[in-house]
Structure formats: structure tokens, C-alpha cells
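Step one of this worksheet: look at the structure below.
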Protein chains: 2
Amino acid sequence: MSESTDNYLKHLFALSQHNQAGISTSALAQKLDTRAASVTGMLKKLHRDGLVLHTRYKGTVLTARGRRIAAAIVRRHRIWECFLADYLGFGWDKVHDMAEKLEHVQSEELIDRLDQLLGFPTVDPHGDPIPGKDGKLPAASGQLALSETRPGDRVIIRGARSESPDFLQHLSSIGATPGVALWVKQVLPFDRSVVVRIKNNLHTLSAVAAAALVVSKNRMP
Amino acid sequence: MSESTDNYLKHLFALSQHNQAGISTSALAQKLDTRAASVTGMLKKLHRDGLVLHTRYKGTVLTARGRRIAAAIVRRHRIWECFLADYLGFGWDKVHDMAEKLEHVQSEELIDRLDQLLGFPTVDPHGDPIPGKDGKLPAASGQLALSETRPGDRVIIRGARSESPDFLQHLSSIGATPGVALWVKQVLPFDRSVVVRIKNNLHTLSAVAAAALVVSKNRMP
DNA sequence: ATTATTTATTAGGAATGCCTAATTTTCTAT
DNA sequence: ATAGAAAATTAGGCATTCCTAATAAATAAT
Ligand SMILES: [Mn+2]
Ligand SMILES: [Mn+2]
Ligand SMILES: [Mn+2]
Ligand SMILES: [Mn+2]
């Protein structure tokens with residue numbers, strides 16, 4: 001298991017959280033900041049090694065074994081983030097990059113003792129849940145619908161509560177996809193539409209849309 | 001800077017401590033557990049990059065730049081070992097392998113904050129000195145191997161010249177850990193084994209073990 | 001349904017870093 | 001001085017992991 005395969009599994013795991021279907025090669029390439037061709041090559045190896053199921057031109061899903069390993073990586077990442085924040089005083093804008101390296105140190109005993117030192121935290125400094133030793137993620141906390149936010153809030157998009165292609169396509173067209181930051185500018189009183197800013201562009205989401213868009217006030221791993 | 005080059009520099013640094021002349025390719029290969037041919041190839045790259053001076057068929061010495069980087073790696077390694085021992089309760093036979101990975105996480109701020117958390121230690125759990133931020137190694141004074149002592153001497157254990165978990169675990173099992181007092185009872189003539197008393201118990205250490213156990217005759221450093 | 005566009009895969013190649021086997025240089029012992 | 005041994009290097013490969021360019025498949029538009 002190399003750092004590279006670790007990162008592939010970790011991002012597949014993250015993308016799987018808000019994707020029913022298989023993960024697309026391009027989505028993974030984007031997360032990993034590599035080219036799609038490289039991703040295809042790696043997916044073939046992960047498939048050969050029984051960590052993912054990859055169907056040519058379709059998509060990729062983690063196997064139980066791949067998911068178990070990925071959860072362990074995310075667990076390490078987030079426990080290290082807790083340590084960096086709680087014991088070394090780093091802010092949540094600093095902890096991620098360091099944890100990005102520390103997560104690859106494979107020692108279960110090391111992580112278990114860190115976990116104990118930290119008092120068995122359940123969320124990392126970004127509010128994201130820490131997988132348990134069994135690989136299970138505590139139910140996502142700190143998530144809410146965009147309709148529950150108030151003007152001034154800065155949130156991160158987590159996903160959608162609808163599979164409606166129309167709705168999802170509309171969100172994509174305005175750049176509202178998981179991981180993207182969103183500023184709540186105002187909530188129109190007469191129909192509760194929400195005006196938001198996404199990357200310097202203003203967009204208006206209906207109350208129905210806002211109720212179906214899941215956001216959180218925290219960052220991702 | 002890869003983990004590989006890190007390890008080359010680190011071992012060159014360690015070998016330089018007890019070697020006036022340039023380091024031989026085979027000595028380095030042995031420490032790194034690789035083949036001499038691989039070492040030659042890497043040395044050419046390190047030379048090209050200005051980290052070592054390598055003279056064909058002669059030997060290799062670190063440049064000032066190479067030495068500075070190597071000292072930083074050793075500093076990280078030993079500070080991590082202190083953390084693992086002091087905060088996570090790992091024994092000196094366990095810390096080395098984990099630090100072997102942690103040392104490659106490159107963040108000066110991370111190490112400086114760890115250093116502060118630990119109270120700026122000057123030696124690691126094996127009694128080895130921790131290079132300062134300037135790359136300077138505190139000189140170990142009054143230290144000698146147990147094999148250099150004579151019956152009747154009373155010494156304090158300072159550390160070990162091996163990271164072998166088997167060896168360190170054995171020492172721990174007889175109570176021979178840094179700071180502990182030890183009386184030299186006799187040196188067996190036929191194989192130079194050393195019989196010592198530790199807290200009212202007699203133990204016999206082979207000549208090989210005695211040569212790897214570092215002690216001092218003075219109280220505290 | 002056919003074409004155009006987007007997405008994904010294959011082909012071919014580069015950099016690392018390791019290996020074994022062959023060769024060259026240096027050292028040692030006669 | 002010279003043969004033999006030891007040490008180091010070069011030659012030739014292999015596995016990873018990434019890249020760009022060319023091709024193929026799937027999806028969207030007409
Ligand atoms: Mn990472
Ligand atoms: Mn996080
Ligand atoms: Mn290492
Ligand atoms: Mn040590």
C-alpha cells in the first residue's frame with residue numbers, strides 16, 4: 001500500500017459518501033489533481049487487487065475491503081487533525097496539510113494511543129465525523145439544509161436530498177457541487193428564496209431547492 | 001526530496017559521526033539494506049543535486065547543505081521518538097520504527113511545536129542527542145560502551161548503539177533502560193561477557209551486547 | 001437516427017528507485 | 001611486481017506512477 005493508493009482509496013471513500021452510483025474517473029481525477037488517464041491506470045490495479053470494482057466506461061465503487069482500508073485512512077487523518085489542533089494549537093486551516101502526510105503512517109497501535117490521549121474524539125476540527133475502529137462513520141453531524149441557514153452564513157455544500165436529474169443538473173450549472181463554498185447573502189421574505197454567492201457569482205435558489213441542498217458550516221478532510 | 005533521499009542523507013550523517021574519511025558505498029548500502037549498485041546510482045543524483053560530494057571509487061561526504069538537511073531529519077526522528085515515549089507511552093524498543101515514518105513529514109512548524117510541547121528535550125529515548133534547529137549536535141560527554149568498563153565500576157545507562165527492537169526489548173526485560181544504575185561485577189575472560197548487577201539482580205550481557213550498551217560514570221549530563 | 005460533444009481508455013514515454021550480472025578499479029598478499 | 005580478492009561502478013531490466021496524444025465509447029443535440 002503506497003501513499004498513492006491510500007489517496008485514491010480515501011477520495012473514492014469521500015466521493016462515495018454523497019454518490020449512490022459509481023464514481024466517475026473524471027471526478028476522482030479532479031479530487032486527486034491528476035489526469036484521467038493516470039486514474040484509469042491506477043483503477044485497473046486497485047481492481048486487480050480487490051479494492052475496487054471498476055467497470056470500463058461506467059464507474060468505480062469500493063469493495064468492502066477497499067472501504068475498510070479507506071475508512072482507516074480517514075480515521076488516521078482526522079485523529080491527527082485533532083492532535084494538531086488540541087495539543088499543538090494549530091488552526092483548522094493548517095491541520096489538513098500536515099494530516100495529509102501523517103495519515104499515511106500505518107500503525108494501528110499509534111492511532112489507538114493517540115485516540116486515547118485525545119479522549120476518543122468523534123469529530124475532527126472541521127466538524128467531520130471520525131470513523132471508528134470498525135470503519136463505521138458516526139452519523140454526519142453539523143449538517144443542515146441551506147434553507148436553515150441565515151444571511152451571513154458561510155457554508156460548504158455537502159450534497160442533495162433529491163436525485164431529481166433536473167434539480168442536480170441545475171445545481172451543477174451554477175457550480176453548486178459538493179465541496180464548494182457558498183455564502184448566504186439574503187433570504188427573500190415573500191417566497192423564502194435564498195440568494196447565495198458561489199465563487200463571486202450570485203444565484204437565487206427557490207425555497208424548495210434550498211430545502212434540498214445539504215450544507216455544513218465545516219470544511220472537508 | 002523523497003523518503004528515499006531522506007534515508008540516504010540520514011545514514012550518511014550517522015556514519016559521518018564516527019568516520020573521518022568519506023563514507024564507503026558498501027557501508028551505506030549495508031545501513032540502507034540495499035545493493036551497492038543502487039547506492040551508486042543514488043549518490044550520483046545526490047551529487048548532481050549538491051547534497052554530497054562523491055568521488056568515483058573513493059568515498060562520499062555530505063556537503064554543508066546535505067548535512068543541514070540530514071540533521072533536520074535526525075532532529076525530526078528523535079523528537080518524534082520523544083513524543084511517542086513521553087505522550088503515548090511506547091517503550092524504547094517500539095519508538096524507532098514509527099519515527100522512521102514520521103521523520104519524513106516535512107513541516108518545520110510542526111516539529112518546533114512538538115519540541116515545545118516536550119519541553120525542548122536534548123536526548124531521545126535511546127540516549128541519542130537531538131540536533132538543534134541550527135543542525136548542531138550536542139556533544140555526548142563521558143559516554144562509553146559497557147564493554148569498556150571494568151569490574152567494580154558503577155555506571156549509569158545512557159542509551160544503546162542499536163535500534164534493534166529485540167535487543168532493546170531484552171534490555172528492558174532486565175531493567176536496563178536509560179537512567180538506571182548498573183554495577184559491573186566481572187568480565188568473563190573466555191568470551192568477554194559482562195556480568196552486571198541491576199537493582200540487586202545479576203545479569204550477564206554478551207560482549208556484543210556490552211559493546212552496544214552506552215553508559216557513563218558521572219551522574220547526570 | 002445521425003452527428004457532435006464529453007468522458008474514458010489505450011498507446012507510448014519519462015522519472016524514481018530498486019534489482020542482478022558483468023566489468024572496472026582498488027586493495028592485499030605473495 | 002603481480003595475481004587474486006574485495007569494492008565500486010556500469011549495463012540492462014523491472015515496477016510505480018505520472019504525463020500527453022490518439023482512439024474509443026457513451027451521452028447530448030439536432
Ligand atoms: Mn495524503
Ligand atoms: Mn478534517
Ligand atoms: Mn525513514
Ligand atoms: Mn533514537
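Here is the naming used below: chain letters follow the sequence lines, and residue numbers restart at 1 for every chain. The structure displayed is predicted, hence computed values, not measured ones.
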Exercise. Which pair of non-hydrogen atoms, one from B:L137 and one from B:P131, has the smallest distance, and what is that distance?
Worked result: CD2-CG, 3.5 Å

Exercise. Among C:dC18, D:dC19, D:dT17, which is the nearest nucleotide to the side chain of B:T34?
Worked result: C:dC18

Exercise. In terms of side-chain geometry, is the basic nitrogen of A:R75 or A:D115 positioned less than 4.0 Å from the acidic oxygen of its partner?
Worked result: yes

Problem set entry | Whole-Å gap separating P (C:dG17) and NE2 (B:H104) | 12 Å

Under 3.5 Å, N/O pairs linking protein and nucleotides 2-8 of chain C:
| residue | atom | partner | partner atom | Å |
| --- | --- | --- | --- | --- |
| C:dA8 | OP1 | A:T25 | N | 3.4 |
| C:dA8 | OP2 | A:S26 | N | 2.9 |
| C:dA8 | OP2 | A:S26 | OG | 2.5 |

Problem set entry | Between C1' of D:dC18 and CG of A:N7, the distance in whole Å | 14 Å

Seminar exercise, completed: Walking DNA chain D from its 5' end, the first of A:S2 and A:A37 to be reached, judged by nearest nucleotide, is A:S2

Problem set entry | side-chain N/O A:K45 vs D:dT16 OP1/OP2, d < 4.0 Å | no

Exercise. Should the pair A:R67 and A:F13 be classed as cation-pi, given the thresholds of under 6.0 Å to the six-membered ring centre and 45° from the axis?
Worked result: no

Exercise. Under 4.0 Å between a side-chain N/O of B:Y8 and OP1 or OP2 of C:dC18, yes or no?
Worked result: yes

Exercise. Can you check the B:K44 NZ to D:dT9 P distance for me, whole Å?
Worked result: 9 Å

Problem set entry | Donor-acceptor under 3.5 Å (A:R113 side chain, B:L88 main chain) | yes

For this session: Would you check if there is a donor-acceptor pair between the side chains of A:H96 and A:H77 at a distance under 3.5 Å?
Result: yes

For this session: Check the distance between D:dA6's C1' and B:Q30's CD and give it to me in whole angstrom.
Result: 15 Å

Seminar exercise, completed: B:E3 CD to C:dC18 P, in whole Å, measures 11 Å

Problem set entry | Donor-acceptor pair, side chain of A:H47 and main chain of A:L43, under 3.5 angstrom | no

Exercise. Between atom CG in A:L46 and atom C1' in C:dT9, what is the gap in whole Å?
Worked result: 16 Å

Exercise. Does the side chain of A:S38 get closer than 4.0 angstrom to OP1 or OP2 of D:dT17 through an N or O atom?
Worked result: no

For this session: Taking only the side-chain nitrogens and oxygens of A:R35, find out if one of them lies under 4.0 Å from OP1 or OP2 of D:dC18.
Result: no

For this session: Take the protein atom CG of A:L9 and the nucleotide atom C1' of D:dT17, then report the distance between them rounded to whole Å.
Result: 15 Å

Problem set entry | B:D49 CG - C:dA15 P separation (whole Å) | 14 Å

Exercise. Where the side chain of A:M42 is defined as all heavy atoms beyond and including C-beta, which of C:dC19, D:dT17, D:dC19 is the nearest nucleotide?
Worked result: D:dT17

Exercise. Is the closest side-chain donor-acceptor distance between A:D191 and A:S193 under 3.5 Å?
Worked result: yes

